[in-house]
Amino acid sequence: MLIYFGMAIKILENQHMKRRKFIKTASLTSVGLTLGSTLVNCDEINTKTAVLQNKEAIANLKALPLVVATWHVKEATAKAMEVLQAGGNALDAVEQGCRLEEANEKNQTVGKGGLPDRDGNVTLDACIMDKHGNCGSVVYLQNITHAVSVARKVMEDTPHVMFAGEGAKQFAISKGFQPEDLLTEASKKAWEKWKIEAKYKPIINIENHDTIGMLAIDKNGDIAGACTSSGLAYKIGGRVGDSPIIGSGLFVDNEIGGCVATGLGEEVVKTVGSFLVVELMRQGKTPQQACEEAIGRIVTKPNSNYKNFQVGYIAVNKQGEIGSYSIHQWFSMTKFQDEKNEQIQSDYYNKT
Ligand code: ASP
């Protein structure tokens with residue numbers, strides 16, 4: 001019996017060693033050449049220490065600081081970069097960047113002015129994640145414009161991760177957020193027009209989607225991300241998408257990288273998309289390869305209906321390398337790096 005027990009321990013130890021070796025390889029890949037040979041020879045590699053020791057080297061990379069966001073949101077990325085250039089951290093940057101669009105009433109897919117559900121209620125989903133892996137999220141939040149900031153309060157002021165509905169609203173009010181009507185005249189008109197036919201198609205426009213997913217790397221090389229959305233226009237009341245789900249709409253691992261998603265949330269949730277992308281990067285894939293594989297997991301499902309919906313991912317790794325990929329054409333990201341704030345069309349899967 002004891003011998004078996006001993007063998008079992010040995011096997012477990014071996015597995016543990018293998019895993020450590022694997023983490024070591026992945027982390028060395030992720031911090032690239034900056035690590036140098038001394039660390040390669042270390043017996044006991046601690047990923048965190050390795051990354052911390054190279055913070056300085058990472059900060060010197062030309063690529064940093066860096067902001068990327070889904071779709072065409074140059075003002076939001078400019079706001080986030082302003083925060084970073086002033087010495088702010090990645091968390092402040094993504095929050096401020098997202099807030100800008102949440103307040104923009106012309107953007108009908110986030111915050112104030114977001115398109116309502118089929119009953120005329122604007123309900124918001126948002127989440128945020130910091131360099132320590134802390135996160136906060138709100139789902140089905142009504143009457144509060146800055147869902148991303150409420151998510152941050154959940155993360156920082158409570159021991160919880162996710163607040164929903166009326167509870168989320170009351171929490172926000174208790175933190176000083178002002179309740180207001182989020183249904184603007186323009187969004188009300190659009191909803192009234194939709195109501196004439198009231199066709200319920202839970203599919204996403206292929207070319208026009210604007211959930212904001214934002215990732216930033218600050219001068220210290222630390223990564224944070226945020227995601228904010230009013231979700232699918234004219235959704236069934238109560239529907240929640242991927243945007244507030246940690247691991248689906250957003251995932252950040254400060255040792256590896258981050259990813260955000262947009263498009264038909266149900267498909268992202270089913271494949272835990274953003275977590276998948278970060279894990280693929282941990283295994284050594286570039287951000288581009290990781291995004292492509294995550295899209296591959298959706299489109300190669302048996303009976304996938306992918307021709308009828310869009311999903312797009314953007315990802316960054318620790319060195320500031322970027323990837324983006326979508327199912328269909330016309331997904332884009334905005335990137336602010338090296339003093340250039342630009343919209344970049346994403347490569348895509350469906351070229352038929
Ligand atoms: N992903 C969002 C959702 O499904 C929608 C979007 O990206 O436009 O709620």
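Sequence positions, counted from 1, serve as the residue numbers for this chain. Just so you know, ligand 1 is whichever comes first in the structure, and atom 1 is the first atom listed for that ligand.
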- Item | Under the side chain to side chain donor-acceptor pair (under 3.5 Å) test, residues paired with S346 that sit two or more places apart |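 Result, side chain to side chain donor-acceptor pair (under 3.5 Å) vs S346: S324.
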
- Query: Using 4.0 Å as the upper bound for N to carboxylate O, is an ion pair formed by D92 and R152?
  - Reply: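 Salt bridge between R152 and D92, a charged N being under 4.0 Å from a carboxylate O: yes.
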
[X]: numbered ligand 1 atoms lying under 4.0 Å from its heavy atoms:
X: D242; result: 1 (N), 2 (C), 3 (C), 4 (O)
X: L232; result: 9 (O)
X: T262; result: 6 (C), 7 (O), 8 (O)
X: G231; result: 9 (O)
X: S243; result: 1 (N), 2 (C)

- Query: Looking at E279, E321, E293, which one forms a salt bridge (charged side-chain N to carboxylate O under 4.0 Å, His left out) with K285?
  - Reply: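 Of the listed options, the one satisfying the test is E293.
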
- Does K235 have a heavy atom less than 4.0 Å from any atom of ligand 1?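 Flag not set, K235 not near ligand 1.
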
- Message: Is T109 close enough to touch ligand 1? Criterion: a residue heavy atom under 4.0 Å from a ligand atom.
- Response: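 Outside the 4.0 Å threshold, so no.
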
Below 3.5 angstrom, do we get any N/O pair linking [X] and ligand 1?
X: R239; value: yes
X: E266; value: no
X: G265; value: yes
X: G263; value: yes
X: T211; value: yes

Please find out if less than 6.0 Å separates the ring center of [X] from that of [Y].
X: F331; Y: Y325; result: no
X: F251; Y: F275; result: yes
X: W330; Y: Y348; result: no

- V148 backbone acceptor or donor facing E102 side chain under 3.5 Å: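 Yes: the side chain of E102 pairs with the backbone of V148.
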
- Message: According to salt bridge (charged side-chain N to carboxylate O under 4.0 Å, His left out), does anything in residues 69-85 pair up with another residue at least two apart or in another chain? List the pairs.
- Response: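 Sorted pair list: K79-E82.
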
